[in-house]
2 protein chains.
Amino acid sequence: MTLASLDNEPSSRDRILDVAESLFARRGYAGVGMKEVADGASLGKSSVFHHFKSKAELYSAACVRILGAFEDRLLRSLAEGGTPSVRLERCIGDLIDVLVAHPTHARLLLRSLFEDDDLPQDGPEGAAVYGSIQNIMGPMAKLLREGMSAGEFRLASVSHVLLLLIGPIVFPFASGDFGEQLLGKDVFDPAQVRRIKGELLDLVRVGLSAPNNAREE
Amino acid sequence: MTLASLDNEPSSRDRILDVAESLFARRGYAGVGMKEVADGASLGKSSVFHHFKSKAELYSAACVRILGAFEDRLLRSLAEGGTPSVRLERCIGDLIDVLVAHPTHARLLLRSLFEDDDLPQDGPEGAAVYGSIQNIMGPMAKLLREGMSAGEFRLASVSHVLLLLIGPIVFPFASGDFGEQLLGKDVFDPAQVRRIKGELLDLVRVGLSAPNNAREE
DNA sequence: GTCTATAATAGGATAGAC
DNA sequence: GTCTATCCTATTATAGAC
């Protein structure tokens with residue numbers, strides 16, 4: 001906590017993380033130079049190394065920050081209660097809201113999930129990434145299990161369904177130019193977000209519902 | 001066509017592409033050095049530059065090759081006929097088969113779809129990537145439209161549904177360590193592939209079906 | 001905390017012999 | 001087609017002044 005944090009101006013550390021997140025999201029770990037990060041934060045390269053002792057640590061810190069944002073939102077969302085289907089739909093909607101509020105998140109999140117080699121899995125920062133992912137996936141799995149026990153969701157392998165749900169939630173908002181060309185409009189345009197969210201929730205609602213449940217109640 | 005191509009031994013060009021695909025898939029465009037590619041293909045760096053005049057061209061060529069594989073399989077799959085639902089499910093199953101037969105494909109495919117900056121969008125190779133993507137997405141969109149007209153699929157925005165379908169098809173097989181930890185087993189294990197495919201096809205079958213269709217026929 | 005200067009290395013790419 | 005040798009730039013990271 002510094003003096004600046006009491007004010008509105010973000011600290012140098014936060015400015016570095018902002019720039020790093022945006023650059024890493026676009027070009028991946030190896031595609032970004034520390035000089036570029038420093039320039040973006042209006043600092044010298046050495047100042048960046050003062051805050052993060054290596055590039056790997058900076059990358060992990062950027063990942064940890066966005067994973068933390070997801071974790072917070074997810075836990076708050078789950079705490080609001082409701083039936084499993086209600087909570088699942090609210091969770092997915094809320095997670096998408098986080099992705100949309102920070103357009104750079106989806107790409108870096110996707111990278112942190114499938115670029116094993118980039119992350120220095122050892123060290124405290126690497127462990128934080130791993131822990132945060134666990135804290136997100138755990139409650140989601142629990143929610144699916146509850147819904148199946150309650151007879152709201154059809155019986156299915158929780159882990160396989162979970163693995164299947166990540167793609168449609170994250171990829172659209174990481175798809176960049178491809179998504180824009182497919183839709184003919186910016187993926188982050190509010191109207192497009194609403195339609196993507198709507199289609200996904202429709203798909204999940206009926207796709208996961210138990211066969212004996214009425215289709216429309 | 002060289003003499004070697006009449007034999008069983010792959011040409012240098014193919015060996016380079018094999019190595020490049022595997023490396024680019026794992027570490028992304030910037031994360032791979034031409035030296036590394038050359039070593040993997042048991043060649044000197046200059047020999048690689050003889051076959052591909054730049055790193056960007058090599059990357060595009062690797063992407064074009066896998067996109068071509070998808071295109072071929074998809075068009076053959078669609079030509080087999082059947083109702084829209086039958087064809088959609090067969091397509092998704094066949095595309096997954098391609099991903100599973102070449103475990104390195106999913107990651108590079110995902111990258112080629114969301115890493116705009118990496119691809120040199122200009123030039124002949126960049127255009128081939130773009131064209132191949134169009135040749136894959138076009139017929140898929142047509143299939144969805146047919147299914148909606150026929151009353152088999154519920155009415156929905158074709159492009160948004162398409163954007164939503166890519167994630168669950170590709171991500172599981174690009175997820176690497178994450179997927180393995182989630183499932184507790186290798187994602188490419190035949191039994192796991194069967195379950196992932198099964199869950200996805202279930203989700204799509206009921207999730208896209210028209211409301212007035214009987215759930216089980 | 002931030003800077004300049006510098007080290008040490010690895011990167012993409014080319015020239016020219018064979 | 002493949003090689004060795006080379007060029008030039010960019011990279012991560014450190015040292016030390018302010």
Side-chain angles (χ1 to χ4, degrees), chain A residues 1-7 9-21 23-24 26-63 115 117-120 122-123 125-126, chain B residues 1-7 9-24 26-63 115 117-123 125-126:
Chain A
M1 288 299 162
T2 67
L3 265 169
S5 66
L6 301 172
D7 214 336
E9 293 158 31
S11 66
S12 290
R13 196 174 190 280
D14 288 337
R15 283 199 341 261
I16 294 171
L17 279 174
D18 288 342
V19 174
E21 175 180 323
L23 289 173
F24 283 138
R26 266 197 309 224
R27 291 205 293 278
Y29 178 73
V32 176
M34 296 297 264
K35 171 79 160 57
E36 210 175 352
V37 174
D39 288 350
S42 303
L43 287 174
K45 211 173 27 165
S46 300
S47 302
V48 175
F49 276 99
H50 172 79
H51 290 281
F52 302 92
K53 74 173 188 295
S54 72
K55 182 183 175 181
E57 187 179 300
L58 173 59
Y59 183 74
S60 290
C63 290
E115 293 192 342
D117 298 344
D118 284 358
L119 280 163
D122 319 312
E125 291 279 4
Chain B
M1 289 298 160
T2 67
L3 267 169
S5 66
L6 300 172
D7 214 337
E9 294 157 32
S11 65
S12 290
R13 196 175 190 279
D14 287 337
R15 283 200 338 263
I16 294 170
L17 280 175
D18 288 342
V19 175
E21 176 181 322
S22 155
L23 289 173
F24 283 138
R26 268 197 305 220
R27 292 205 291 277
Y29 179 73
V32 176
M34 294 298 264
K35 172 77 160 53
E36 208 174 353
V37 175
D39 288 350
S42 303
L43 288 173
K45 206 167 42 159
S46 300
S47 302
V48 175
F49 276 100
H50 172 78
H51 291 282
F52 303 92
K53 73 172 189 296
S54 73
K55 182 183 176 182
E57 188 180 297
L58 173 59
Y59 183 74
S60 291
C63 291
E115 293 192 340
D117 297 343
D118 285 357
L119 280 164
Q121 293 166 330
D122 319 311
E125 292 277 6

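Sequence lines set the chain letters: A, B, ... in the order given, protein chains first and strands last, and positions in each chain run from 1. Heavy atoms only: backbone and side chains are in, while hydrogens, waters and symmetry mates are out.
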Can you tell me how far [atom2] of [Y] sits from [atom1] of [X], rounded to the nearest 0.5 angstrom?
{"X": "Ser11(A)", "Y": "His51(A)", "atom1": "OG", "atom2": "NE2", "value": "7.5 Å"}
{"X": "Glu21(B)", "Y": "Arg26(B)", "atom1": "CD", "atom2": "CZ", "value": "11.5 Å"}
{"X": "Lys55(A)", "Y": "Met34(A)", "atom1": "NZ", "atom2": "CE", "value": "8.0 Å"}
{"X": "Phe49(B)", "Y": "Ser54(B)", "atom1": "CZ", "atom2": "OG", "value": "7.5 Å"}

Mind calculating the distance between [atom1] ([X]) and [atom2] ([N]) to the nearest angstrom?
{"X": "Lys53(A)", "N": "dG1(C)", "atom1": "NZ", "atom2": "P", "value": "16 Å"}
{"X": "Phe52(B)", "N": "dT14(C)", "atom1": "CZ", "atom2": "C1'", "value": "18 Å"}
{"X": "Lys45(B)", "N": "dA15(C)", "atom1": "NZ", "atom2": "P", "value": "15 Å"}
{"X": "Lys35(B)", "N": "dT6(D)", "atom1": "NZ", "atom2": "C1'", "value": "16 Å"}
{"X": "Lys55(A)", "N": "dG11(C)", "atom1": "NZ", "atom2": "C1'", "value": "12 Å"}
{"X": "Leu58(A)", "N": "dT11(D)", "atom1": "CG", "atom2": "P", "value": "14 Å"}
{"X": "Met34(A)", "N": "dA10(C)", "atom1": "CE", "atom2": "P", "value": "18 Å"}
{"X": "His50(A)", "N": "dA13(D)", "atom1": "NE2", "atom2": "C1'", "value": "15 Å"}

Q | N or O in side chain of Ser47(B) less than 4.0 angstrom from dG1(D) OP1/OP2 | A | no
Q: Compare the minimum distances between each of dG12(C), dT14(D), dT2(D) and the side chain of Phe49(A), then state the nucleotide with the smallest one.
A: dT14(D)
Q. For DNA chain D, what residues of residues 12-19 of chain A have any heavy atom nearer than 4.0 Å?
A. none
Q. Closer to the 5' end of DNA chain C via nearest nucleotide, is it Ser42(A) or Val32(B)?
A. Ser42(A)
Q) Between Tyr29(A) and Phe24(A), how do the two ring planes meet: parallel, tilted or perpendicular, split at 30° and 60°? A) parallel
Q.
Do Leu58(B) and Leu17(B) have side chains that approach each other closer than 4.5 Å (heavy atoms only, starting at C-beta)?
A. yes
Q) What closest approach, in Å, do Leu43(B) and Ser12(B) show between heavy atoms, and which atom pair accounts for it? A) CD1-CB, 4.1 Å
Q. Would you say the base of dT14(C) and the side-chain of Ser46(B) have a donor-acceptor pair closer than 3.5 Å?
A. yes
